[in-house]
Amino acid sequence: MKIFNCEQIKRWDAFTIREQHITAMVLMERAATACFVWLLKNNFTKAQFHIFCGKGNNGGDGLALAQILLKNNISVAVYILETGKPGSSEFQENLTLLHRLTTSIHFIQPGTGFPQFNAGDIIIDALFGTGLNKPAEGLAAELINHINKNALTVVSIDIPSGMFADKSSLHNTIISATNTCSFQHYKLAFLLPENGSFTGSIYLLDIGLSSRFAEIENSSCELLDNEILTGIVKPRDRFAHKGNFGHAALIAGSIGMMGAAVLAAKGCLATGPGKLTCFVPAGGVEIMQVAAPEAMCRVTGNSYAGAEKNFDGFSAIGIGPGMLVQEGTALHLKKLFSENSAPMLLDADALNTIAADETLLQNIPLGSVITPHPKEFERLFGKTANDAEMLQLAVKKAGELNIYIVLKGHYTAIITPPGRVYFNNTGNAGMAKGGMGDVLSGIITGLMASRYGLPEAAILGVYLHGLAGDIAADIYSQEAMQASQLISCMGEAWKKIHS
């Protein structure tokens with residue numbers, strides 16, 4: 001699913017109007033009808049409605065929804081934020097139609113005060129849409145704060161008012177929606193962590209926008225969907241042998257941190273590589289051999305894993321889980337970078353070691369994958385003011401260093417050297433636990449080793465990881481699920497993808 005910016009969304013509306021020979025009013029009626037159907041399905045139509053409208057087309061959507069509710073004998077009070085301007089033509093037309101149905105239309109201006117709400121009332125937020133280009137201020141900000149303080153259930157139409165659609169809204173005054181009924185495709189804003197507390201549950205409503213526009217219009221950002229995954233997943237040849245699926249290497253673990261190495265190894269094995277060799281410290285061999293008997297082991301140090309051995313013959317190398325930042329780790333990484341040509345994944349303490357040495361950062365092998373969480377990203381590339389800037393910096397650094405960046409979060413972003421961004425939509429809050437990142441490192445390494453190139457291995461790996469996490473949460477609950485249980489659900493995740 002492509003993620004379009006504000007300008008593209010406007011052109012999508014205009015393209016649809018031309019292609020389908022309809023008016024903007026018809027499109028507005030579709031949006032209002034879709035919202036009404038959603039309210040009906042969710043048993044919200046027996047309440048008292050308070051609809052707050054701005055004077056743009058988002059407000060027009062609110063006025064159109066008010067008409068539908070009234071025609072269905074549902075109690076509605078409409079409040080229009082007065083700006084001293086007439087509003088859009090569609091807003092004015094809907095206001096004229098609404099006057100024929102009700103007298104409960106109130107204009108909010110300085111000195112009029114704000115309405116009070118009762119328990120069970122539903123507030124519809126149609127103040128500002130995706131065209132907002134400056135933070136809400138003055139009376140608008142006061143109204144938003146009043147709604148946030150006094151309303152229990154708030155449904156935002158298209159986007160919570162005060163939120164920018166495709167740039168940071170940090171420190172803006174924004175409606176805290178219980179639910180957001182948006183249209184057709186996700187906005188970039190919905191995928192940024194800083195906005196998570198404002199959107200509530202997001203629902204995409206189909207209003208019949210042109211599918212041809214979505215096909216031909218370019219976008220640098222996409223949300224993973226079945227179409228993308230179907231184009232990536234490869235069936236296994238029934239005449240294949242283990243040599244066809246590569247030999248993965250994992251450099252992981254240290255005394256006291258062998259659990260991370262084991263989780264990475266098991267995650268790797270669950271992706272189907274032909275062979276896996278784990279490079280572990282002497283004190284961790286028995287742990288690995290017992291916990292993951294399918295993996296071979298090589299000893300590379302006494303207390304922590306290193307990279308002094310020759311890695312010829314390996315299809316992919318993963319390094320970092322549970323290594324700790326040791327005195328000799330930087331030397332091991334320099335040797336690994338200069339003497340090996342296999343595709344490489346760098347995570348955890350490999351990244352922390354690189355963050356402390358600028359020369360290592362500049363010498364990461366071209367085409368490598370790094371998998372930082374936000375704090376690790378910050379150590380590598382510096383602080384940013386907000387989530388949107390962090391994403392922009394990730395795109396910039398992926399291009400400069402010619403690497404793939406898997407920026408972990410609720411909507412993990414896979415960023416390619418040419419600047420394409422793929423957001424993942426699987427996974428849940430139960431995965432916010434130690435060990436989950438180690439499993440992901442193993443999964444992507446295993447896919448890189450077997451049959452998948454980049455960015456396909458990263459995209460499929462992140463999606464599989466989240467899908468297995470969703471299955472585990474259903475079985476064990478988000479609170480109780482553990483990284484090892486996620487691994488046990490990988491088989492079911494594969495089945496779902498193949499089906």
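Any value given below was found using the heavy atoms of this structure, including those in side chains, with hydrogens, waters and symmetry copies removed.
Of all non-hydrogen atoms in Asn428 and Ala473, the two that sit nearest each other are ND2-CB, 3.7 Å. The minimum heavy-atom distance between Val262 and Ala291, with the atom names listed, is CG1-CB, 3.6 Å. In plain terms, the two heavy atoms of Phe245 and Gly272 that are nearest each other are CB-O, 3.6 Å. What you find for Phe198 and Pro160 is that their closest heavy atoms are O-CG, 3.7 Å. Nearest heavy-atom pair, Cys297 versus Met288, reported as atom, atom and distance to 0.1 Å: SG-CG, 3.4 Å. Between Met481 and Gly469, the shortest heavy-atom contact is CE-O, 3.5 Å.
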Show the numbers, then the answer: is there a side-chain contact (heavy atoms from CB on, under 4.5 Å) between Leu209 and Asp13? CA-CA 7 Å; Leu209 293 180; Asp13 287 349; 3.5 Å; yes
Would you check, one step at a time, whether the test side-chain contact (heavy atoms from CB on, under 4.5 Å) holds for Asn244 with Asp237? CA-CA 9 Å; Asn244 296 124; Asp237 187 334; over 6 Å; no
Go through the steps to decide whether Lys334 and Asp357 satisfy the test side-chain contact (heavy atoms from CB on, under 4.5 Å), and finish with yes or no. CA-CA 10 Å; Lys334 288 176 183 177; Asp357 189 332; 3.6 Å; yes
Check the pair His332 / Thr353 against side-chain contact (heavy atoms from CB on, under 4.5 Å), numbers first and verdict last. CA-CA 10 Å; His332 292 314; Thr353 301; over 6 Å; no
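In the model, Glu389 has no side-chain atom that pairs as donor or acceptor with a side-chain atom of Ser168 under 3.5 Å. There is no side-chain donor-acceptor pair under 3.5 Å between Asn148 and Asn145. No hydrogens or angles considered: a donor-acceptor pair under 3.5 Å links the side chains of Asp125 and Ser161. For the 3.5 Å distance criterion, the side chains of Lys187 and Ser182 qualify, holding a donor opposite an acceptor.
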Please output the side-chain donor-acceptor pairs of residues 199-206 that fall under 3.5 Å, not counting sequence neighbours, one pair per line with the distance.
from	atom 1	to	atom 2	distance (Å)
Asp206	OD1	Gln184	NE2	2.9
Asp206	OD1	Gly208	N	2.8

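Atom CD1 in Ile459 sits 12.0 Å away from atom OH in Tyr452 (nearest 0.5 Å). The distance from the NZ atom of Lys167 to the CG atom of Asn386 is 11.0 Å, given to the nearest 0.5 Å. With rounding to the nearest 0.5 Å, the separation of CD in Glu358 from CG in Asn363 is 10.0 Å. One finds the OG atom of Ser499 at 9.0 Å from the CD1 atom of Ile497 (value rounded to the nearest 0.5 Å). The structure places CG of Leu336 at 4.0 Å from CE of Met344, a figure rounded to the nearest 0.5 Å. Gln485 CD to Tyr476 OH: the interatomic distance, rounded to the nearest 0.5 Å, is 5.0 Å.
Thr426 places a side-chain N or O within donor-acceptor distance of the main-chain N or O of Tyr463, the cut-off being under 3.5 Å. No donor-acceptor pair closer than 3.5 Å links the side chain of Asp438 to the backbone N or O of Pro321. Under a 3.5 Å cut-off, the side chain of Thr277 and the backbone N or O of Met296 do not form any donor-acceptor pair. A donor-acceptor pair is defined here as one N or O able to donate and one able to accept, closer than 3.5 Å; no such pair exists between the side chain of Gln362 and the backbone of Thr359. With Glu492 contributing its side chain and Cys489 its backbone, the two residues share no donor-acceptor pair below 3.5 Å. With hydrogens and angles disregarded, no donor-acceptor distance shorter than 3.5 Å links the side chain of Glu400 to the backbone of Ala398. The closest donor-acceptor contact from the side chain of Tyr411 to the backbone of Phe190 lies at 3.5 Å or more, if one exists at all. Here the side chain of Asp347 pairs no donor or acceptor atom with the backbone of Gly320 at under 3.5 angstrom. A donor-acceptor contact shorter than 3.5 Å links the side chain of Ser450 to the backbone of Leu447. A side-chain donor-acceptor contact under 3.5 Å links Asp387 to the backbone of Glu194.
Under the 4.5 Å side-chain criterion, counting only non-hydrogen atoms from C-beta, Asn179 is in contact with Phe44. Between Leu188 and Asn5, every side-chain heavy-atom pair lies at or beyond the 4.5 Å cut-off. Side-chain atoms of Asn340 and Phe314, non-hydrogen and from C-beta on, never get closer than 4.5 Å to each other. Annotation: side chain of Ile370 is not in contact with side chain of Phe377 (no heavy-atom distance under 4.5 Å). Residues Met490 and Ile443 have side chains in contact (heavy-atom distance under 4.5 Å, counting atoms from C-beta outward). When side chains are defined from C-beta on, Leu460 counts as touching Leu229, because their heavy atoms get closer than 4.5 Å. When side chains are defined from C-beta on, Ser368 does not count as touching Tyr404, because their heavy atoms never get closer than 4.5 Å. Residues Ile415 and Leu391 form a side-chain contact, since some pair of their non-hydrogen atoms from C-beta on lies under 4.5 Å apart.
For Glu215 and Arg212, the salt-bridge test fails: no basic side-chain N is under 4.0 Å from an acidic carboxylate O. The pair Lys266-Glu294 fails the salt-bridge criterion, with no side-chain N (NZ, NE, NH1 or NH2) lying under 4.0 Å from an Asp/Glu carboxylate O.
Around the NE2 atom of His498, the shell of radius 6.0 Å holds more than 12 heavy atoms that belong to other residues, nucleotides or ligands. The environment of NZ in Lys383 is sparse: at most 12 heavy-atom neighbours from other residues, nucleotides or ligands sit within 6.0 Å.
Judged by a 6.0 Å distance limit and a 45° cone about the ring axis, Arg11 is not positioned over the six-membered ring of Phe4.
Annotation: Phe311 is in aromatic contact with Phe279 [ring centroid separation under 6.0 Å].
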